[in-house]
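Everything below concerns the one structure shown next.
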There are 2 protein chains.
Amino acid sequence: MTRETASPQLQAIKVACSNCNLRELCMPVGLEEQQLKRLDEIVAMRRKVKRGGTLFRNGEPFTSLFAIRTGFFKTCVATEDGRDQVTGFQMAGEIIGLDGIVNDHHTCDAVALEDAEVCVMPFDRIEELSREVTALQTHVHKIMSREIVREHGVMLLLGSMRADERLAAFLLNLVQRLHTRGFSQSELVLRMTREEIGSYLGLKLETVSRTFSKFVEDGIVEVKQRHVRIVDTAALKRIVNSQQACH
Amino acid sequence: MTRETASPQLQAIKVACSNCNLRELCMPVGLEEQQLKRLDEIVAMRRKVKRGGTLFRNGEPFTSLFAIRTGFFKTCVATEDGRDQVTGFQMAGEIIGLDGIVNDHHTCDAVALEDAEVCVMPFDRIEELSREVTALQTHVHKIMSREIVREHGVMLLLGSMRADERLAAFLLNLVQRLHTRGFSQSELVLRMTREEIGSYLGLKLETVSRTFSKFVEDGIVEVKQRHVRIVDTAALKRIVNSQQACH
DNA sequence: CGTCAAATTGACAGCACTCAACGCCGGTGG
DNA sequence: CCACCGGCGTTGAGTGCTGTCAATTTGACG
């Protein structure tokens with residue numbers, strides 16, 4: 001098992017942002033030809049990460065943000081005493097590594113859940129260019145703000161939802177993001193284990209499994225290992241904001 | 001009770017960042033005289049918010065970030081079905097409003113827990129100036145990254161800690177931030193109710209109260225309403241990373 | 001002194017955790 | 001080809017932490 005590549009696989013940049021099919025996901029839109037060309041300067045290179053390998057680790061020096069081209073990542077923080085928490089799952093078109101900016105070193109691990117490829121964007125180059133290209137500056141700010149808002153949502157989930165509400169919200173979020181990328185609205189393949197889902201949702205893996213089973217019993221989803229088919233999206237949405245309304 | 005001022009109290013800027021005693025908390029450090037002067041352009045005005053009043057609300061258009069000069073805020077998100085979650089408590093020198101950048105409107109409420117005054121910093125002005133002053137650009141990025149990292153910590157807390165661990169972590173964080181601002185390392189006055197603490201920590205107010213009582217029994221803290229004296233800081237730290245180590 | 005919000009405390013219940021056994025599936029080696 | 005293995009997932013039984021509901025106390029304020 002190659003858990004990690006001692007010398008990460010790098011390759012010279014061949015495909016430019018200007019004609020990348022994921023551009024509208026990770027780059028600003030509505031740019032003029034000239035500005036678009038300049039964006040190509042941002043991506044220094046590509047880097048491949050094998051399943052199970054890490055893009056970066058807690059404590060490593062921060063130099064670059066990464067735009068995911070293909071594959072699927074999780075980010076997780078850990079305490080000295082072995083406790084750890086998945087803080088997010090990232091897929092193609094999403095930006096990863098923002099945590100490293102504040103202290104010039106990363107504060108979480110980014111692990112590939114399937115073979116992945118990322119665009120390496122040196123942060124000093126991003127800062128330099130965003131001083132000249134206003135649209136890029138705005139875009140960087142929005143990406144960071146979006147991450148803050150996303151985490152607010154996770155805090156709401158972790159702080160005030162029951163297990164079934166958490167899992168329902170998780171599935172809806174995942175399938176919605178996949179749909180944006182051209183996948184089905186109702187079918188998805190989970191790239192993470194039950195334990196990783198549980199860590200993200202603040203639940204134990206058994207609870208995740210049980211909750212899946214309950215959804216199956218209720219005819220809301222069909223589950224076959226990591227293949228999930230959402231049969232009744234409306235029911236999931238009802239669960240998310242049910243608040244277990246009593247009285 | 002003035003819950004909110006229909007026309008917010010505004011006042012022309014008198015005191016400049018360049019000689020503000022909170023500057024090292026909310027502004028970049030190590031600037032030259034000339035750049036320091038330019039920072040003064042950022043703060044458009046001051047705004048007072050009474051206890052219980054809102055600085056901004058979910059849905060309101062976003063125009064500015066706010067630097068807290070005096071007072072104490074909470075930010076909270078809510079769902080349609082009445083569930084809500086305190087996402088953070090902010091004190092003097094901290095920046096508030098970052099959530100609004102991504103969609104040009106705020107996605108949470110900012111409520112003053114005591115009479116407060118903030119510096120209003122129009123975001124377009126921040127963006128404009130940070131294109132010219134590199135230190136400001138970097139600073140803005142670091143502030144947003146810091147917020148992301150902070151929220152990672154909250155997610156870890158909400159996702160994997162027991163009630164006493166959460167409260168211990170909360171107290172230590174609060175007293176540490178107050179200490180940075182020149183207050184005691186061991187004494188603090190809570191500006192928020194048990195319910196607000198509970199909302200932040202993902203607990204019910206009764207659990208917060210009970211956990212306080214347990215700490216008092218164990219001789220770790222002294223509590224008299226909102227006055228808290230930390231008697232045994234080491235014990236609190238032990239609780240935070242106890243992980244309830246078994247075996 | 002009366003009022004009301006906030007906080008405390010008790011009794012009880014329930015949801016999620018713990019511990020454990022078992023099943024499924026892909027990989028590996030004989 | 002098949003048996004074995006290990007990781008992952010499911011399910012069951014029992015426990016306990018935290019939530020729920022309710023009564024009471026405290027303290028601030030008019």
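Side-chain atoms are counted along with the backbone in the values below, which use heavy atoms only and exclude waters and symmetry mates. Just so we're on the same page: letters track the sequence lines, and every chain starts at 1. These numbers come from a predicted model, not from an experiment.
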Are [X] and [Y] side-chain neighbours, meaning at least one heavy-atom pair lies under 4.5 Å?
X	Y	answer
A:Phe66	A:Phe56	yes
B:Val231	B:Glu222	yes
B:Arg166	B:Thr207	no

Nearest whole angstrom, please: distance from the [atom2] of [N] to the [atom1] of [X].
X	N	atom1	atom2	value
A:Leu205	D:dC8	CG	C1'	9 Å
B:Glu222	C:dA7	CD	C1'	18 Å
A:Glu217	D:dT10	CD	C1'	12 Å
A:Arg162	D:dT18	CZ	P	18 Å
B:Glu196	C:dA5	CD	C1'	12 Å
A:Leu203	D:dC17	CG	P	18 Å
B:Glu195	C:dT8	CD	P	13 Å
B:Arg191	D:dA28	CZ	P	14 Å

Can a donor-acceptor pair under 3.5 Å be found between the side-chain atoms of [X] and the base atoms of [N]?
X	N	answer
A:Glu206	C:dC19	yes
A:Arg194	D:dT11	no
B:Arg210	C:dG10	yes

Short side-chain N/O contact from [X] to OP1 or OP2 of [N], under 4.0 Å:
X	N	value
B:Ser213	C:dT9	yes
B:Ser209	C:dT9	no
A:Thr207	C:dC17	yes

Both A:Gln225 and A:Met161 contact DNA chain C. Taking the nearest nucleotide for each, which residue is further toward the 5' end? A:Met161

Residue B:Arg226, side-chain heavy atoms: nucleotide from C:dA7, D:dG27, D:dT10 that is nearest: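 Ranking C:dA7, D:dG27, D:dT10 by closest atom to the B:Arg226 side chain puts C:dA7 first.
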
Counting only side-chain heavy atoms from C-beta out, which of C:dT9, D:dG27, D:dG19 sits nearest to B:Lys204? D:dG19

Using five base pairs at each end to define the local axes, how bent is the helix from C:dC1-D:dG30 to C:dG30-D:dC1, to the nearest 10°? 30°

Can you name the side-chain hydrogen bond (donor to acceptor under 3.5 Å, both in side chains) partners of B:Arg210, sequence neighbours left out?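 Residues passing side-chain hydrogen bond (donor to acceptor under 3.5 Å, both in side chains) with B:Arg210: none at all.
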
Should we say atom CD of B:Glu114 is surrounded by more than 12 heavy atoms from elsewhere, each under 6.0 Å from it? yes

More than 12 heavy atoms of other residues, nucleotides or ligands under 6.0 Å from CD of A:Gln185: is that the case?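 It does not: A:Gln185 CD has 12 such atoms or fewer within range.
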
In plain terms, say whether A:Glu94 and A:Arg150 are close enough for a salt bridge, that is, a side-chain N and a carboxylate O under 4.0 Å apart.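 Looking at A:Arg150 together with A:Glu94, the answer is no, because their closest N to O distance does not fall below 4.0 Å.
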
Look at the aromatic rings of B:Phe62 and B:His106 and report parallel, tilted or perpendicular, splitting at 30° and 60°.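 B:Phe62 and B:His106: perpendicular rings.
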
Touch check for B:Gly198, heavy atoms < 4.0 angstrom, all strands: base, sugar-phosphate only, or nothing? nothing

